Amino acid sequence: MLYLDELANSIKRIQEKDVRVCVIGVGTIGLPLATFLANVGFQVTGLDINQKRVDEINSAKVVYEYTDILEDVVLKNKRLRATINPQEALDKTEALFVCVPTPLNTKKEMDISNLLDAVNRISPYLVKGMTLIFESSVAIGTTRKVSKTIEDLCGLKFGTDLGLAYCPERYNPTPMKKQTPDVDYTISAKGESFTVDRISRVVGGIDEKSTKITKTIYSQFIATDVTELSSIEAAEATKLLENIFRDVNIALVNELAKIYPKFGLNVFEIINAARSKPFAFMPHYPGAGVGGECIPVDTWYLISQAEELGIDSRIMKTAREINDSMPIHMLTLLENELRKHDKELPTAKISILGLCYKKNVPDIRLSPTFTIIEQLKEKKVNFLVCDPVYENVEDDIKLTPLSDVFKDSDAILFMTDHDAFSSLDFAKIKDEMKTPVVIDGRNFFNGEKLNSLGFCYKAIGKP
Ligand code: SAJ
């Protein structure tokens with residue numbers, strides 16, 4: 001088995017793809033990983049608790065950015081199969097990847113119930129020689145803590161019987177088919193798109209052997225680097241830094257977006273000017289809020305840990321506060337504009353464009369739009385939500401088609417900069433609306449053009 005074999009032999013077998021692997025949790029993070037592992041030749045089993053998801057995978061009917069590769073590995077060469085049965089999934093398996101969600105609980109603490117559930121399901125089937133690799137974002141020290149639970153459950157020891165490593169996911173949620181280059185990254189990446197195989201990774205193991213085995217596996221499908229770190233904790237901390245760095249820098253420009261317009265300055269002009277500096281500046285953009293299961297979550301992991309250490313992490317807390325305030329800032333801009341038309345919010349009808357937390361990505365987790373909806377419901381405001389990118393109907397949010405969302409509306413609240421909103425016929429929309437107010441939360445529209453059409457255009461970060 002991989003971890004107990006001579007390292008050179010294990011590396012050789014990995015390079016020959018003569019190792020069965022299992023990905024536990026084939027959701028947003030796990031399925032792309034399973035797809036790329038199978039695509040380079042590994043026999044892969046995806047283990048999930050959701051039978052519907054398993055069926056979608058086994059019929060390659062999952063709509064996501066790698067559907068074409070999924071069809072190959074599931075239907076053509078049959079190297080990827082999903083199941084809800086842990087015994088079946090771990091049979092003859094030597095490397096296990098754990099990619100289950102680690103959201104926040106209501107007290108903004110890390111919730112590892114999915115991790116513990118996965119651990120309980122697989123522990124009876126763990127055998128000596130297996131290597132476990134965790135990808136889920138976690139607070140520092142969590143992987144080692146969970147490994148102790150596994151040892152108690154299966155009676156085997158990491159670093160003796162089992163290999164253990166942490167290789168944080170760096171999944172870049174991307175739309176189905178790339179319509180526009182990753183604007184954020186254009187400076188350094190020249191419009192390159194960051195697919196799973198083009199995103200370098202870091203890995204930290206319980207020992208050098210675990211690190212080397214893990215690095216070798218990822219290197220089979222990652223075209224760029226896989227950096228070895230000194231410990232599991234170093235890898236956990238790296239992931240947190242990456243996302244907290246983004247959260248704090250977005251908070252900075254969100255704060256500037258409340259200040260600069262008071263000087264009659266457009267913050268986007270300023271950011272793009274600063275961006276012309278060839279070093280030491282990475283552009284981030286203000287907007288209607290920070291959503292998704294990553295950026296607004298990972299920062300709280302470290303805030304809670306710092307608190308336990310008696311350290312008051314003021315920058316991180318303030319960043320969370322500022323980014324969480326942006327939907328409210330949108331509403332303030334809206335109320336001010338409506339008042340210019342002798343309208344008060346409670347009597348207005350609002351058209352919200354965008355439920356997804358990010359451009360062109362069908363994902364509504366922790367979307368800033370939910371804060372808007374909560375506030376409007378509290379104020380008993382009549383509103384409609386439109387999002388052409390999001391299809392799920394299960395949610396209690398009724399989506400209105402683009403063709404009907406503007407009728408008798410008093411204002412458009414623009415929350416998500418989907419490409420699907422880029423060819424709106426504003427001349428026609430103005431005729432449908434009662435009060436032509438537009439609040440742009442994503443620097444998406446040309447304000448002068450809208451004003452020339454008789455709209456009252458107001459945007460985050462602009463005077
Ligand atoms: N946002 C801004 N201004 C910006 C960039 C983003 O307001 O300049 C907002 C977005 O609109 C969105 C939120 O922040 O609501 C998060 O978007 P994102 O693109 O920053 O992040 P995610 O959650 O889609 O993916 C992030 C990425 N992390 C980093 O870029 C450091 C991704 O690489 C990670 O793999 C992912 O988190 C994760 O899984 O951790």
Side-chain angles (χ1 to χ4, degrees), residues 63 173 175-176 179 287-293 295-296 323-338 341 343-426 428-445 450 455-460:
V63 179
M176 299 313 154
Q179 283 143 349
V290 173
E293 275 279 303
I295 307 290
N323 290 340
D324 285 350
S325 77
M326 296 316 283
I328 307 301
H329 182 55
M330 282 288 280
L331 289 176
T332 308
L333 295 177
L334 172 65
E335 287 186 291
N336 296 347
E337 279 316 296
L338 285 174
H341 294 81
K343 274 231 162 246
E344 289 299 326
L345 192 49
T347 61
K349 180 178 177 187
I350 310 299
S351 313
I352 301 173
L353 299 188
L355 182 61
C356 297
Y357 83 90
K358 186 171 163 174
K359 165 193 183 91
N360 302 338
V361 172
D363 187 338
I364 61 170
R365 290 176 293 175
L366 298 180
S367 166
T369 304
F370 286 117
T371 306
I372 298 276
I373 291 171
E374 203 182 289
Q375 292 285 321
L376 294 183
K377 278 187 177 165
E378 219 172 271
K379 294 182 165 72
K380 303 204 174 358
V381 178
N382 179 7
F383 67 90
L384 296 173
V385 183
C386 168
D387 194 311
V389 170
Y390 192 69
E391 274 141 24
N392 269 13
V393 286
E394 288 117 32
D395 309 285
D396 59 0
I397 305 278
K398 194 171 122 348
L399 292 178
T400 302
L402 205 45
S403 53
D404 307 338
V405 75
F406 302 112
K407 193 159 176 357
D408 301 331
S409 173
D410 292 299
I412 296 171
L413 262 184
F414 191 74
M415 297 298 292
T416 317
D417 48 341
H418 294 316
D419 289 333
F421 294 131
S422 55
S423 48
L424 295 176
D425 176 350
F426 275 101
K428 182 167 159 293
I429 291 170
K430 181 154 184 308
D431 297 341
E432 290 178 46
M433 293 179 74
K434 226 170 10 194
T435 317
V437 166
V438 174
I439 308 296
D440 183 351
R442 297 290 174 193
N443 182 32
F444 193 69
F445 299 117
L450 287 191
F455 281 92
C456 303
Y457 171 83
K458 191 77 190 136
I460 282 192

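A quick note: this is a predicted structure, and the numbers were derived from the prediction, not measured. Positions are given from 1 along the sequence.
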Short question: side chain of [X], backbone of [Y] - any donor-acceptor pair under 3.5 Å?
X      : Y      : answer
Asn382 : Lys349 : no
Ser351 : Val405 : yes
Thr435 : Val437 : no
Ser367 : Thr369 : yes

Report the distance from atom [atom1] of [X] to atom [atom2] of [Y], rounding to the nearest 0.5 Å.
X      : Y      : atom1 : atom2 : value
Phe383 : Ile372 : CZ    : CD1   : 10.5 Å
Leu334 : Gln375 : CG    : CD    : 12.0 Å
Leu353 : Leu402 : CG    : CG    : 7.0 Å
Phe445 : Ile439 : CZ    : CD1   : 12.0 Å
Lys359 : Arg442 : NZ    : CZ    : 11.0 Å
Lys407 : Lys434 : NZ    : NZ    : 9.5 Å

Using a 4.5 Å cut-off on heavy atoms from C-beta on, say whether the side chain of [Y] contacts that of [X].
X      : Y      : answer
Asp408 : Glu432 : no
Phe455 : Met433 : yes
Asn443 : Asp417 : no
Leu424 : Ile429 : yes
Pro346 : Lys380 : no
Thr371 : Ile328 : yes

If every non-hydrogen atom of [X] is compared with every non-hydrogen atom of [Y], which pair is closest and at what distance?
X      : Y      : value
Val389 : Pro362 : O-CB, 3.6 Å
Pro388 : Ala420 : CG-CB, 3.9 Å
Ile397 : Leu355 : CG2-CD2, 4.2 Å
Gly289 : Met326 : N-CB, 3.7 Å
Thr400 : Cys386 : O-CB, 3.3 Å
Leu366 : Pro296 : CD1-CG, 4.4 Å

Subject >> Ring centre gap for Phe444 and Phe421 strictly below 6.0 Å >> reply: no
**OP:** Determine, step by step, whether Phe370 and Ile364 satisfy the side-chain contact (heavy atoms from CB on, under 4.5 Å) criterion, reporting the C-alpha distance in whole Å, the side-chain angles of both residues, the deciding distance to 0.1 Å, and the verdict.
**Re:** CA-CA 9 Å; Phe370 286 117; Ile364 61 170; 3.7 Å; yes
Original post:
Given Val361 and Cys356, is the side-chain contact (heavy atoms from CB on, under 4.5 Å) satisfied, shown in steps?
Top reply: CA-CA 7 Å; Val361 172; Cys356 297; 5.8 Å; no
Subject >> Chi angles and distances behind the side-chain contact (heavy atoms from CB on, under 4.5 Å) call for Val438, Lys458 >> reply: CA-CA 6 Å; Val438 174; Lys458 191 77 190 136; over 6 Å; no
Subject >> Evaluation steps, side-chain contact (heavy atoms from CB on, under 4.5 Å), between Ile350 and Ile412 >> reply: CA-CA 6 Å; Ile350 310 299; Ile412 296 171; over 6 Å; no
Subject >> Test: Asp363 and Lys358 ion pair at under 4.0 Å >> reply: no
